[in-house]
Amino acid sequence: MSVYILLSSDIPLEEVPVPPGLVIAREPGKQEAEYRNAGRGFAVSALPLFPEIHTEKEYLFNLDIYGGEEAVAAYLREQLEEAGEIELWHVWLDGSFDHRVRKVGIGADELTAEDIRELERLEVWREDPVTERPVDYCFLLTK
């Protein structure tokens, strides 16, 4: 059971590898991490489809962000030129199909790094999943 940021699309998206030698350093007492050799600041890798993700898109990708929210926004705008529509998900994967889904549409020209940071901060996991179902959030990005 884990939290993931995912992309889903009707076409394959450009994969972005994790740079070799990426180092994530955290100082005691600080919440911010320092990234060394961060490359583009994010990585995108293809995944098999998980049936508990509420998407009808054919392709699924893991999105790892390590300090590059601006670069992620630019990457998504670029990918939208071909894809036309991409779903950006923040989900709790626990094998359950009983999650609530919150979806909002954002146009490519409106998408900002702050939108990405906002999605990352949203709480998907619940303290008591028996009485409070997890919430999966989706930003439906359009060209």
> Between atom CG of Asp136 and atom CG of Leu93, what is the distance when rounded to the nearest 0.5 Å?
Replying inline: 7.5 Å
> What's the spacing between Leu76 CG and Asp115 CG if we round to 0.5 Å?
Replying inline: 10.5 Å
>> On a heavy-atom basis, which atom in Leu60 and which in Pro48 lie closest, and how many Å separate them?
In response: CD2-O, 3.4 Å
> What's the verdict on side-chain contact (heavy atoms from CB on, under 4.5 Å) for Val44 and Val72, showing C-alpha distance, side-chain angles and the deciding distance?
Replying inline: CA-CA 10 Å; Val44 176; Val72 170; over 6 Å; no
> Out of curiosity, Glu58 CD to Ile11 CD1, how far, rounded to the nearest 0.5 Å?
Replying inline: 10.5 Å
>> If you apply the rule side-chain contact (heavy atoms from CB on, under 4.5 Å), what do you find for Val124 with Val91, and how did you get there?
In response: CA-CA 6 Å; Val124 294; Val91 299; 5.7 Å; no
> Should we say atom CD of Glu82 is surrounded by more than 12 heavy atoms from elsewhere, each under 6.0 Å from it?
Replying inline: no
> Can you name the nearest heavy-atom pair linking Val3 to His90, along with the distance?
Replying inline: CG1-NE2, 2.9 Å
>> Would the distance check show the side chain of Ser9 and the main-chain N or O of Pro12 forming a donor-acceptor pair, the cut-off being under 3.5 Å?
In response: no
>> Under the criterion side-chain contact (heavy atoms from CB on, under 4.5 Å), I'd like the reasoning laid out for Val101 against Trp89: C-alpha separation, chi angles, the key distance, then a yes or no.
In response: CA-CA 10 Å; Val101 175; Trp89 290 90; 4.0 Å; yes
> Nearest heavy-atom pair of Trp92 and Pro134: which atoms, and what distance?
Replying inline: CD1-CG, 4.0 Å
>> Measuring from atom OG of Ser45 to atom CG of Leu13, what distance do you get when rounded to the nearest 0.5 angstrom?
In response: 11.5 Å
> Looking only at heavy atoms, which two atoms of Ser8 and Thr55 are closest? And how far apart?
Replying inline: OG-OG1, 3.3 Å
>> Consider side chain to side chain contact (heavy atoms under 4.5 Å, CB included). Of Arg100, Glu120, Glu123, Arg102, which one does Tyr137 pass it with?
In response: Arg102
>> Give me the atom names and distance for the closest heavy-atom approach of Thr112 to Ala73.
In response: C-CB, 4.1 Å
>> Assess whether a salt bridge exists between Arg40 and Glu78, defined as any Lys/Arg side-chain N lying under 4.0 Å from an Asp/Glu carboxylate O.
In response: no
> Should Leu88 and Ile5 count as side-chain neighbours, where that means a heavy-atom distance under 4.5 Å?
Replying inline: yes
> Are more than 12 heavy atoms from other residues, nucleotides or ligands located less than 6.0 Å from atom CD of Glu14?
Replying inline: yes
> Between Lys103, His54, Lys57, which is the residue that forms a side chain to side chain donor-acceptor pair (under 3.5 Å) with Glu87?
Replying inline: Lys103
>> For residues Ile65 and Ile106: do they belong to one hydrophobic cluster (side chain heavy atoms under 4.5 Å, members Ile, Leu, Val, Met, Phe, Trp, Tyr)?
In response: yes
> Taking C-beta and beyond as the side chain, do Leu7 and Tyr75 meet within less than 4.5 Å on heavy atoms?
Replying inline: yes
>> If you apply the rule side-chain contact (heavy atoms from CB on, under 4.5 Å), what do you find for Leu63 with Leu6, and how did you get there?
In response: CA-CA 5 Å; Leu63 173 61; Leu6 303 171; over 6 Å; no
>> Between Arg121 and Glu118 (salt bridge meaning N to carboxylate O under 4.0 Å), is one present in this structure?
In response: no
>> Keeping Tyr66 on the side-chain end and Gly41 on the backbone end, is there a donor-acceptor pair under 3.5 Å?
In response: no
>> Measuring from atom CZ of Arg77 to atom CD1 of Ile86, what distance do you get when rounded to the nearest 0.5 angstrom?
In response: 11.5 Å
> To the nearest 0.5 Å, what is the distance between CD1 (Ile116) and CZ (Phe139)?
Replying inline: 8.0 Å
> Cluster question for you: counting only ILVMFWY and a side-chain heavy-atom cut-off of under 4.5 Å, with indirect links fine, are Leu140 and Ile53 together?
Replying inline: no
